[in-house]
Number of protein chains: 4
Amino acid sequence: MGILGYKKLHNLNERGVNILPTSTFFNLPEEKKKRVIEAALDEFAAYPYHKASVTRIIKRAKIASGSFYQYFKDKKDLYKYILELGTERKFEYLGPVLEKQNEYDFFELLRQLYVRGIKYARENPRLEAIANKLISNKDSEIYVEIIGEQRPRTARFFRALLEDGIKKGEIDSEVDIDLVAHMLITLNLALSDFVYKDGKVDMDDMVLIDKMLYVIENGIKNKSK
Amino acid sequence: MGILGYKKLHNLNERGVNILPTSTFFNLPEEKKKRVIEAALDEFAAYPYHKASVTRIIKRAKIASGSFYQYFKDKKDLYKYILELGTERKFEYLGPVLEKQNEYDFFELLRQLYVRGIKYARENPRLEAIANKLISNKDSEIYVEIIGEQRPRTARFFRALLEDGIKKGEIDSEVDIDLVAHMLITLNLALSDFVYKDGKVDMDDMVLIDKMLYVIENGIKNKSK
Amino acid sequence: MGILGYKKLHNLNERGVNILPTSTFFNLPEEKKKRVIEAALDEFAAYPYHKASVTRIIKRAKIASGSFYQYFKDKKDLYKYILELGTERKFEYLGPVLEKQNEYDFFELLRQLYVRGIKYARENPRLEAIANKLISNKDSEIYVEIIGEQRPRTARFFRALLEDGIKKGEIDSEVDIDLVAHMLITLNLALSDFVYKDGKVDMDDMVLIDKMLYVIENGIKNKSK
Amino acid sequence: MGILGYKKLHNLNERGVNILPTSTFFNLPEEKKKRVIEAALDEFAAYPYHKASVTRIIKRAKIASGSFYQYFKDKKDLYKYILELGTERKFEYLGPVLEKQNEYDFFELLRQLYVRGIKYARENPRLEAIANKLISNKDSEIYVEIIGEQRPRTARFFRALLEDGIKKGEIDSEVDIDLVAHMLITLNLALSDFVYKDGKVDMDDMVLIDKMLYVIENGIKNKSK
DNA sequence: GATGAATGAGCGTTCATTCAT
DNA sequence: AATGAATGAACGCTCATTCAT
């Protein structure tokens with residue numbers, strides 16, 4: 001899930017564009033809608049896209065299979081919807097930071113983004129799991145279609161930030177901006193990964209982030225300043 | 001594919017251990033063996049494990065379905081074999097560097113590993129694609145079974161390298177070794193990714209690596225020295 | 001099929017218990033349901049469980065293979081259902097006798113049970129054949145799962161009957177109750193067997209049963225001597 | 001396995017008649033022959049005929065699959081051979097009793113046959129298991145072909161015995177000879193069954209047999225009444 | 001005579017999706 | 001709008017047997 005992958009949901013049907021779930025779905029009683037979403041979250045968090053089963057989701061959500069296809073065009077449609085839910089939710093975490101963008105220097109902003117990102121991952125483990133599953137399948141048909149455009153967008157955001165930082169003299173002007181943008185995104189992903197999988201489970205999130213920022217900072221900071 | 005995930009192939013049946021393809025497969029005429037391997041490379045490079053189809057492989061390799069199961073215990077068996085082929089091949093690229101481990105300082109060694117790693121990826125795109133597909137499915141049953149132990153092994157290797165570097169005064173002793181090991185592995189993966197997906201396709205590999213190392217180096221190098 | 005193996009069918013889904021065919025099956029038009037059951041009866045009467053083919057059943061019933069698995073969880077599920085049909089049917093034959101249990105002395109009750117049991121076998125040859133096939137596979141995984149507990153139940157029933165008979169002075173108190181219970185069950189099975197396989201096809205069932213009961217009552221020793 | 005199902009083995013190939021294993025098999029070194037037989041015993045004792053796997057037998061016996069079909073015409077051929085081995089072995093137990101046929105009265109003879117039969121079952125559990133598996137599949141194609149003719153033979157033997165007993169005044173002349181013959185065979189089968197499956201495991205075989213014979217001789221009616 | 005690779009029909013089962021009601 | 005039965009291709013895999021070497 002790109003840090004900035006925000007997109008409006010609840011979108012009305014626009015001309016020709018294939019818009020996410022049908023209005024039928026949105027008009028559903030909250031309780032039923034929730035059942036469907038919960039079932040989908042469980043399923044996609046448990047299985048990679050290709051192995052996830054519409055049948056199981058239908059069963060768990062206790063809806064008719066015909067209904068499913070009145071709510072969503074197909075399996076992929078639901079999947080995209082769930083991913084967008086994640087993006088939306090993530091924006092709720094990151095938004096406040098982004099709004100104060102100008103009050104922070106580059107590294108403090110980065111730190112805040114990482115802090116909030118980890119908080120999001122901790123509090124929305126299924127959404128995080130689903131997004132991570134997708135991200136690693138970089139060349140699968142599904143990735144290209146869904147995330148393909150999002151990563152560049154996130155990359156552009158970081159590039160802008162970096163350029164700004166260089167202008168302000170916070171960042172070493174020698175670095176390759178595109179490359180560093182890519183590294184920062186990757187390391188962000190690596191962060192939650194590290195938290196969950198490779199130990200340091202007990203280490204305080206803040207401490208971990210500071211340690212990583214220390215490494216990043218001393219690499220790209222302008223030392224002559 | 002872990003940098004150090006080298007394992008002997010063509011292994012004769014050892015005590016109880018379930019060894020990769022059957023001897024039947026190894027005794028096959030080269031041409032046929034190649035057909036099977038090529039078909040498998042194509043399939044696993046094109047589809048994630050769960051979506052990859054034995055049927056398609058069989059068709060492409062022009063063998064009887066029964067034969068397939070005389071060569072390999074099951075789909076997973078073939079998959080593991082292909083992964084090992086990749087590991088073996090990768091070691092052919094990295095081995096020479098590792099042998100001269102003591103002649104290089106930390107950063108030069110890292111540079112060499114990255115250089116050779118990218119060369120491998122460029123020259124074995126299908127193997128690289130297959131390994132990357134697997135690595136991203138971190139929590140799928142198949143990942144745990146196959147790679148589970150390999151990442152830690154690679155991590156240990158980097159940790160040892162880092163500790164050595166600290167001892168020799170090449171590396172900033174302030175850094176968290178586990179975290180940095182994790183970062184280096186991640187960035188290595190990110191590297192080939194960057195080469196292919198996010199632009200800079202035309203940039204010379206060496207230049208790219210040097211740029212990345214510049215960032216890394218100034219982050220963890222002992223500046224007091 | 002145990003003499004007393006009666007269980008309600010058409011059961012609605014109870015807590016967690018995996019209930020036989022799905023409601024989908026029960027809601028089917030009678031004609032279609034019948035086609036499926038008939039096909040299954042033919043198949044399981046012709047082949048032992050492991051050799052019986054779902055594919056053949058599907059073909060004969062003229063349903064889509066996918067449909068089959070909407071009616072039954074799997075092959076075993078259908079098999080169990082057919083067995084229960086048999087149990088249910090058998091109870092329809094034995095029930096009236098069991099209800100009058102107290103009006104008969106032991107030997108008359110036994111006689112009635114045998115009479116009705118043979119009538120059932122004659123009128124439901126496929127069900128009888130299916131049950132017999134299962135009973136002979138005593139140690140196959142499937143037997144244990146399905147019948148395992150039923151034989152003891154039948155044995156308990158006979159033991160209770162025997163104990164009662166001894167109390168009333170109808171039965172020789174010298175005999176080993178467990179052993180005799182076992183013998184009576186076995187001989188019951190042997191009876192229908194005898195009717196069909198080993199000749200006496202023409203002999204009146206009642207006469208045959210009386211002959212067997214004579215032996216059970218009096219043994220075969222020449223007492224006049 | 002019928003009590004008297006003895007048939008010569010090691011039979012040379014006669015005209016047209018499909019004779020059991022090929023001479024190739026008999027000329028095999030003892031050790032290899034034994035491997036094949038042991039593997040077959042294990043397999044057929046573990047699985048009913050239709051589920052037993054030639055492939056597994058071949059693997060366990062460590063012979064080439066081609067070889068198998070040089071020793072035996074097909075799976076059924078091996079199966080028949082194993083069954084005959086059992087018959088032969090059983091005759092080794094029963095033979096001595098049968099030779100002294102004239103020294104015993106009917107009940108003593110029966111007792112001896114049962115005693116030796118149980119001894120056989122105890123000492124050759126795999127053969128016993130295989131035969132029992134078959135016997136219960138009474139209407140399977142395989143049963144008809146193999147055992148079909150053997151049971152009548154055993155029945156004839158018992159009938160002769162019974163007729164003799166009646167002549168000598170040992171047996172009640174009222175009983176139906178065919179039926180009783182059938183009952184005695186069935187009860188013999190029930191006996192080992194009872195020993196193994198339905199409890200009384202600890203009861204001394206002799207005691208058990210005596211108890212059953214008591215019932216056969218005297219019936220279960222309370223005559224004192 | 002021994003070998004073991006080759007065969008392909010058949011297995012039970014899952015699947016996403018459609019469509020009549 | 002909701003239902004849930006129907007679909008049939010495709011799946012991974014097993015099997016007894018054949019046959020070239």
Side-chain angles (χ1 to χ4, degrees), chain A residues 22-25 27-29 32 50-59 62-78, chain B residues 22-29 32 50-59 62-78, chain C residues 22-25 27-29 32 50-59 62-78, chain D residues 22-25 27-28 32 50-59 62-78:
Chain A
T22 63
S23 58
T24 312
F25 179 69
N27 294 334
L28 243 37
K32 191 172 201 173
H50 284 301
K51 249 242 164 163
S53 152
V54 173
T55 311
R56 267 192 307 251
I57 291 172
I58 284 167
K59 253 181 211 149
K62 282 175 190 157
I63 58 169
S65 50
S67 298
F68 181 91
Y69 288 89
Q70 270 175 317
Y71 306 154
F72 305 97
K73 189 173 147 286
D74 53 19
K75 179 180 168 181
K76 201 192 289 176
D77 196 30
L78 166 62
Chain B
T22 62
S23 59
T24 309
F25 180 69
F26 285 123
N27 294 337
L28 244 37
K32 191 172 206 171
H50 286 300
K51 243 307 189 79
S53 154
V54 172
T55 311
R56 269 190 306 251
I57 292 172
I58 282 166
K59 256 182 209 149
K62 281 174 190 161
I63 58 170
S65 56
S67 296
F68 179 90
Y69 291 92
Q70 272 184 312
Y71 305 154
F72 305 96
K73 192 175 145 284
D74 50 22
K75 179 181 169 180
K76 201 191 288 178
D77 197 29
L78 167 61
Chain C
T22 62
S23 59
T24 308
F25 180 69
N27 294 337
L28 244 37
K32 190 170 205 173
H50 285 300
K51 244 308 191 80
S53 153
V54 172
T55 311
R56 270 191 305 253
I57 292 171
I58 282 166
K59 256 182 207 149
K62 281 174 190 159
I63 57 170
S65 56
S67 296
F68 180 90
Y69 289 92
Q70 272 184 313
Y71 305 155
F72 305 96
K73 193 174 145 286
D74 50 21
K75 180 181 171 181
K76 200 191 289 177
D77 196 30
L78 166 62
Chain D
T22 62
S23 59
T24 312
F25 179 69
N27 293 334
L28 244 37
K32 190 172 201 174
H50 284 300
K51 249 248 167 158
S53 151
V54 174
T55 311
R56 267 192 307 251
I57 291 172
I58 284 166
K59 253 182 212 151
K62 282 174 189 158
I63 58 169
S65 50
S67 299
F68 181 90
Y69 289 90
Q70 268 173 320
Y71 305 153
F72 306 97
K73 190 174 145 284
D74 51 20
K75 178 180 168 181
K76 201 191 288 175
D77 197 30
L78 166 62

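Naming convention: chains lettered A, B, ... in sequence-line order (proteins, then strands); numbering from 1 in each chain.
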Which part of the nucleic acid, if any, lies within contact of [X], taking any heavy atom under 4.0 Å across all strands shown: a base, the sugar-phosphate backbone alone, or nothing?
| X | result |
| --- | --- |
| Leu28(C) | sugar-phosphate |
| Lys32(D) | sugar-phosphate |
| Asn27(A) | nothing |
| Phe72(B) | nothing |

Exercise. Taking atom P of dT17(F) as reference, at what distance in whole Å does atom NZ of Lys73(D) sit?
Worked result: 8 Å
Problem set entry | Any Thr55(C) side-chain nitrogen or oxygen under 4.0 Å from OP1 or OP2 of dC11(E) | yes
Seminar exercise, completed: Stems for DNA chain F (at least 3 consecutive Watson-Crick or G-U pairs, under 3.5 Å) come to E:2-21 with F:2-21
Problem set entry | Residue list, side-chain contact (heavy atoms from CB on, under 4.5 Å) with Ser53(C), at least two apart or on another chain | Glu43(C), Thr55(C), Arg56(C)
Seminar exercise, completed: Residues passing the side-chain contact (heavy atoms from CB on, under 4.5 Å) test with Lys32(A), sequence neighbours excluded, are Leu28(A), Pro29(A), Arg35(A), Ile63(A), Tyr71(A)
For this session: Indicate yes or no: at least one non-hydrogen side-chain atom of Val54(A) is less than 4.5 angstrom from one of Phe72(A).
Result: no
Exercise. Taking only residues two or more places apart in sequence or in another chain, which ones pass side chain to side chain donor-acceptor pair (under 3.5 Å) with Lys59(D)?
Worked result: none
Exercise. Mind checking what makes salt bridge (Lys or Arg N to Asp or Glu O under 4.0 Å) contact with Lys76(C), not counting sequence neighbours?
Worked result: Glu145(C)
Short heteroatom pairs, N/O only, protein and nucleotides 19-21 of chain F, under 3.5 Å:
none

